[in-house]
Amino acid sequence: MEKMKLATWNVNSLNIRLPQVLEWLAANSPDVLCLQETKLDDDKFPMVEITAAGYHPAYAGQKTYNGVAILSRALPEQVSTGIGGYDDPQKRVLAATIAGVRVISVYVPNGESVGSEKYRYKLDWLARLTAWLKTELVNHPQLALLGDFNIAPEERDVHDPRLWEGRVLFSAPERAALAGLFECGLKDSFRLSDQPDKSFTWWDYRLNAFKRNMGLRIDHILFSPDLARKCQSCMIDRGMRARERPSDHAPVIAEITI
DNA sequence: ATGGTAGAAACTCTA
């Protein structure tokens, strides 16, 4: 039985975080690493360094904001960008087939604040993502959706649910949109096994949030039913958030048998 | 308490 290790990490600038990404790849040897917030135009992607580390890069970037990538040991096939049928100039979705698994790296809009224009964009974007995924799941029964969803699914995924209730990243409409993905059959790999209490993936840079573990679990690895059955483990590597000059997100890693 | 910090870019926006 062969194992496949898939990971996701919002690096908040691949330019700044490249040394940490290379170190993390060497230490963890994932088969697939999805990145978000690369904040790099495609002609600035660190192709040489990633290739030298033994990974094939696929990327869809833009300057300053957003940007997604998929790094893989095996050659990525059928690489495509964006949500089918939705002309979004923001680079937030990248898909590739790797060793027979359809891997999709997503950077869901942050939403800024409930009721804002960016919040409406977030909900509209999620509706389009969900509609598109329904057909993707039919075409690719072995599908993994990894990334920064900017939504905490449940109260136990938020350090202080009362404080966050109704706020962006935890408002009812956002959680309903995430539940819509689960209704398509996608499973939250993190909840397929027992996990420590107060497990989070993102901590604000401000107010010493990480030291006080004031975090949210907003980065997820979702598996189609076929892959969920093969999931062996899922864990958060919070050690990377404790580093000097860290991303505000920690990597999430899941292992499946293929 | 509507603050605070980080990144990119360029005196502001996004998260």
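Reminder, nothing fancy here: chain letters follow the sequence lines and each chain counts from 1.
As a member of the Ile/Leu/Val/Met/Phe/Trp/Tyr network built from side-chain separations under 4.5 Å, A:I256 groups with A:M4, A:L6, A:V32, A:V68, A:I70, A:V79, A:L94, A:I98, A:V101, A:V103, A:Y107, A:L146, A:F190, A:I221, A:F223, A:L227, A:I236, A:V252, A:I258.
Comparing the P positions of B:dG3 and B:dC13 gives an interatomic distance of 15 Å, to the nearest angstrom. Between B:dT14 and B:dA9, the distance separating the two C1' atoms is 12 Å to the nearest Å. Between the C1' atoms of B:dG4 and B:dA15, the separation comes to 13 Å (whole Å).
Distance, A:Q90 CD to B:dC13 C1': 13 Å, rounded to whole Å. Across the protein-nucleic acid pair, A:D219 atom CG and B:dA15 atom C1' stand 13 Å apart, rounded to whole Å. Distance A:N150 CG to B:dA15 P: 8 Å, rounded to the nearest Å. Protein atom CD of A:E37 is 6 Å distant from nucleotide atom C1' of B:dA15, rounded to whole Å.
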Please produce a list of atom pairs where a protein N or O lies less than 3.5 Å from an N or O of nucleotides 2-9 of chain B.
residue	atom	partner	partner atom	Å
B:dG4	O6	A:R206	NH1	3.4
B:dG7	OP1	A:R17	NH1	3.1
B:dG7	OP1	A:R17	NH2	3.4
B:dG7	OP2	A:R245	NE	3.3
B:dG7	OP2	A:R245	NH2	3.3
B:dG7	O3'	A:S13	OG	3.3
B:dA8	OP1	A:S13	OG	2.0

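Screening residues 29-58 of chain A for ring-ring contact (aromatic ring centres under 6.0 Å, His included) gives A:F45-A:Y59 as the qualifying pairs, with residues at least two apart or on separate chains.
Scanning all heavy atoms of the two residues, the minimum distance from A:P141 to A:S224 falls at O-OG, 2.5 Å.
At a threshold of 4.0 Å, the pair A:D157-A:R191 counts as salt-bridged, since one of the basic side-chain nitrogens sits closer than that to a carboxylate oxygen.
Of the options A:H140, A:Q142, A:Q78, a side-chain hydrogen bond (donor to acceptor under 3.5 Å, both in side chains) to A:T97 is made by A:Q78 and by none of the others.
A:Y107 comes within 4.0 angstrom of sugar-phosphate atoms only, judged by non-hydrogen atoms across all strands, and of no base.
A donor-acceptor pair under 3.5 Å links the side-chain atoms of A:T201 to the main chain of A:D219, judged by distance alone.
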